[in-house]
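Quick notes on the structure that follows.
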Amino acid sequence: MSNALTPQPGNALPERFANPLQQISGLLAQPAVRRSLPMVLMVGLIAAAVLAWMTFSAAPQKTLFAQLSDADKGSVTQALEQANISSRIDSGSGALTVNEDDYSRARILLAGQGLPKATPGGYALLDQLPMGVSRAVEGERLRQARETELARSIEEIDSVAEARVHLATPEASVFIRDNAAPSASVILKLQAGRSLGDSQVASIINLVASSVPGMKSDAVTIVDQMGGLLTKAADRSALGIASDERIAFQRRVEDKYRAQIVQLLTPLVGAGNFTTEVQTDVDLNETQATRESYDKQGALRAEQGNWTGNQKGDGAQPGGIPGALSNTAPPPSTITSPAADAAAAAAAAAKPGATPGATPAAAATAEPVKQSDQFARSYDLGKEVSVSRTAPGAITRLSVAVLLRDVEGGKPRSPVEIQQITQLVQTAVGYSQARGDQVTVISRKFAGAATTDDKQPWYDAGWLPVVARNVTAIVIALLVLILGVRPLARALMKKRDDATPRLALGRDLGNLNNSGQPQSGPPVSIDAIAGAQNYDDRIGMVRGFTRDNPARAALAVRDMIKS
């Protein structure tokens with residue numbers, strides 16, 4: 001026995017670590033450890049239940065930003081805290097995460113404040129170039145800076161959310177035949193529900209083409225986030241482009257009339273209680289005409305000629321003294337206009353026997369008889385030049401159809417009410433019977449009208465995931481408590497109840513009074529210890545014998561050491 005109790009200095013350390021499983025089993029076999037083991041397991045199960053509750057009750061996290069600088073992390077975290085949005089920073093990857101329910105609200109909040117600050121881009125990249133870089137690296141950085149600046153300029157447009165620009169600029173060559181023209185590709189991410197018009201697309205094309213030397217507008221390609229090509233093909237004919245423009249113009253006219261009808265009928269019958277369609281026939285032909293007209297009755301511009309005839313007097317023969325007329329005084333002169341003289345001459349010439357060139361007085365006294373005449377007259381003809389140009393866009397025919405919705409369970413609309421609505425629609429669209437316009441208004445029940453008012457199904461509600469997580473966490477915690485903690489507690493209480501009477505075996509072999517305390521009895525003898533039935537009873541009797549006979553117990557221990 002001395003060999004078992006006396007440790008050997010040479011093999012003390014190897015025996016202690018020789019069999020770790022045996023050491024652990026020995027540790028667990030100790031009475032104190034065995035008594036505290038159920039409590040440790042119960043505490044562990046409670047901690048596991050709490051951990052499960054914290055895991056399942058918390059909302060799932062969603063990555064807000066994967067890579068951010070330290071300054072941006074501080075700014076973003078401060079902005080989220082001010083908005084009462086909880087955020088976490090992963091210690092491993094450095095990603096910033098928020099609750100899945102707060103993801104959209106956090107993105108909108110940070111976008112409104114301009115956070116996070118964008119990493120150095122644009123021409124700021126050129127400031128980070130180290131000394132001694134190669135020409136190729138410098139050229140790539142310059143191209144990247146130009147692409148970033150162009151993308152930022154395009155993003156200033158309201159309809160554009162994000163933009164990326166790719167420039168293909170070939171190396172310049174000394175040979176003209178080897179020079180290639182640069183090109184560009186632009187990828188646009190548009191805002192939800194927004195679109196770009198042809199003028200906006202043309203503006204982006206001109207912006208990119210003007211920013212790169214030698215680039216033409218035909219070398220710029222623009223694509224949206226759905227993969228749709230926004231630029232028109234370079235090889236498209238002018239006739240096809242004009243046809244698209246005409247169709248777009250007709251669509252705008254129809255949309256204008258449709259908006260007028262909707263604005264008119266919405267206060268009257270309510271939104272969603274009617275539908276309308278408009279079809280217009282638009283004259284998109286451009287007409288230009290030039291017309292010249294002349295007046296049939298021309299105006300006399302010049303006349304030249306002569307005539308001959310006999311002088312017709314009052315029957316008296318010529319007489320008098322030759323040369324006597326030179327001694328008579330001339331008649332008094334009168335000033336007349338050339339137009340008046342011409343009119344008088346023409347009137348005198350119209351009379352039979354009038355002498356051309358004679359004065360009115362002479363014409364009155366002498367009426368010559370014309371025998372022959374020869375004249376050359378020039379007339380001015382009236383000329384009118386008219387240029388008319390008819391612009392396209394005249395409406396040749398208009399057709400409008402309006403479908404009204406009958407009230408469910410109500411009285412159908414009367415013909416008088418439908419006629420009044422028809423007249424309102426005709427007035428709104430500018431109805432013209434001469435053009436052959438047609439406006440039709442009818443009232444019917446809509447198919448599937450009851451399904452349009454259905455609410456969102458309960459399984460798509462936003463509160464369902466939260467309730468499911470909380471219920472799952474509660475169920476797991478209850479299962480841990482019922483299936484784990486409760487059996488351990490029962491086993492621990494049963495073990496305590498079994499250990500209580502054993503404490504009294506040292507005195508009276510397990511006799512207890514009514515209060516559960518050990519009764520006083522005769523002292524334990526050595527014969528009683530030797531006659532114990534099991535090991536536990538013997539240990540209890542030894543303890544009782546030691547308490548009752550401490551001197552004899554000391555002598556027994558001394559004898560055991562000596563032996």
Does the side chain of Ile418 come within less than 4.5 Å of Ile442's, by heavy atoms? no
Answer yes or no: is there a side-chain heavy-atom contact under 4.5 Å between Thr97 and Leu64? no
Using 0.5 Å steps for rounding, measure from the CG atom of Leu188 to the CD1 atom of Ile154. 6.0 Å
Rounded to the nearest 0.5 Å, how far does CD of Glu138 lie from CZ of Arg143? 14.0 Å
Would you say the side-chain atoms of Arg413 pair up with the backbone N or O of Arg405, donor to acceptor, closer than 3.5 Å? yes
Given 3.5 Å as the limit, does a donor-acceptor pair link the side chain of Asn206 with the main chain of Ala202, or not? yes
Under the criterion side-chain contact (heavy atoms from CB on, under 4.5 Å), I'd like the reasoning laid out for Asp406 against Lys411: C-alpha separation, chi angles, the key distance, then a yes or no. CA-CA 8 Å; Asp406 284 340; Lys411 187 177 180 181; over 6 Å; no
Measure the spacing between CZ of Arg107 and CG of Leu115 and express it to the nearest 0.5 Å. 12.0 Å
Could you walk me through whether Arg141 and Gln144 pass side-chain contact (heavy atoms from CB on, under 4.5 Å), step by step? CA-CA 5 Å; Arg141 285 294 183 90; Gln144 183 180 2; 4.0 Å; yes
Mind checking whether Thr440 and Val402 have side chains closer than 4.5 Å, heavy atoms only? no
Which pairs would a plain distance check flag for residues 160-167, meaning a side-chain donor or acceptor within less than 3.5 Å of a matching protein atom at least two apart in sequence or in another chain?
none

Heavy-atom closest contact (Gln200 atom, Ile157 atom, distance): NE2-CG2, 4.4 Å
Closest contact, heavy atoms only, Leu109 versus Ala79: CD2-O, 3.8 Å
Spell out, as yes or no, whether a donor-acceptor pair under 3.5 Å connects the side chain of Lys73 to the backbone of Gly94. yes
Got a second to check how far Leu96's CG is from Leu80's CG, nearest 0.5 Å? 6.5 Å
Would one find more than 12 heavy atoms of other residues, nucleotides or ligands at under 6.0 Å from atom CG of Asp198? no
Minimum heavy-atom distance between Pro182 and Ala219, given as atom pair plus value: O-CB, 3.5 Å
Asp255 bridged to Arg258 by N-O distance under 4.0 Å: yes
Do Ile187 and Gln225 make a side-chain contact, defined as non-hydrogen atoms from C-beta onward lying under 4.5 Å apart? no
Residues Asp437 and Arg435 bridged, charged N to O under 4.0 Å: yes
I want to check something: taking the side chain as every heavy atom from C-beta on, are Leu268 and Phe274 in contact at a cut-off of under 4.5 Å? no
What pair of heavy atoms forms the shortest contact from Ser195 to Ser159, and how long is it? O-OG, 3.8 Å
I want to check something: taking the side chain as every heavy atom from C-beta on, are Ile395 and Tyr257 in contact at a cut-off of under 4.5 Å? yes
Taking it one step at a time, do Leu110 and Phe65 satisfy side-chain contact (heavy atoms from CB on, under 4.5 Å)? CA-CA 11 Å; Leu110 296 177; Phe65 297 105; 3.5 Å; yes
Can you tell me how far OG of Ser443 sits from CG of Leu403, rounded to the nearest 0.5 angstrom? 7.5 Å
Looking only at side chains, do Asn99 and Gln61 share a donor and an acceptor under 3.5 Å apart? yes
Counting C-beta onward and ignoring hydrogens, is there a side-chain heavy-atom pair between Ser399 and Arg397 closer than 4.5 Å? yes
Minimal non-hydrogen separation, Thr63 against Tyr103, with atom names: O-CE1, 3.4 Å
Can you name the one residue among Ile222, Ile204, Asp224 that meets side-chain contact (heavy atoms from CB on, under 4.5 Å) with Leu196? Ile204
So, taking the atom named CG in Leu398 and the one named CD in Gln426, what distance separates them when rounded to the nearest 0.5 Å? 10.0 Å
Any non-hydrogen side-chain atom of Val282 less than 4.5 Å from a side-chain atom of Thr396? no
Whether the side chain of Gln250 engages the backbone of Thr280 through a donor-acceptor N/O pair (distance < 3.5 Å, no angle test) should be reported. yes
Non-hydrogen atoms of Val212 and Arg146 that approach each other most closely: CG2-CD, 4.3 Å
Is there a side-chain contact (heavy atoms from CB on, under 4.5 Å) between Val223 and Leu230? Walk through the geometry before answering. CA-CA 6 Å; Val223 182; Leu230 301 182; over 6 Å; no
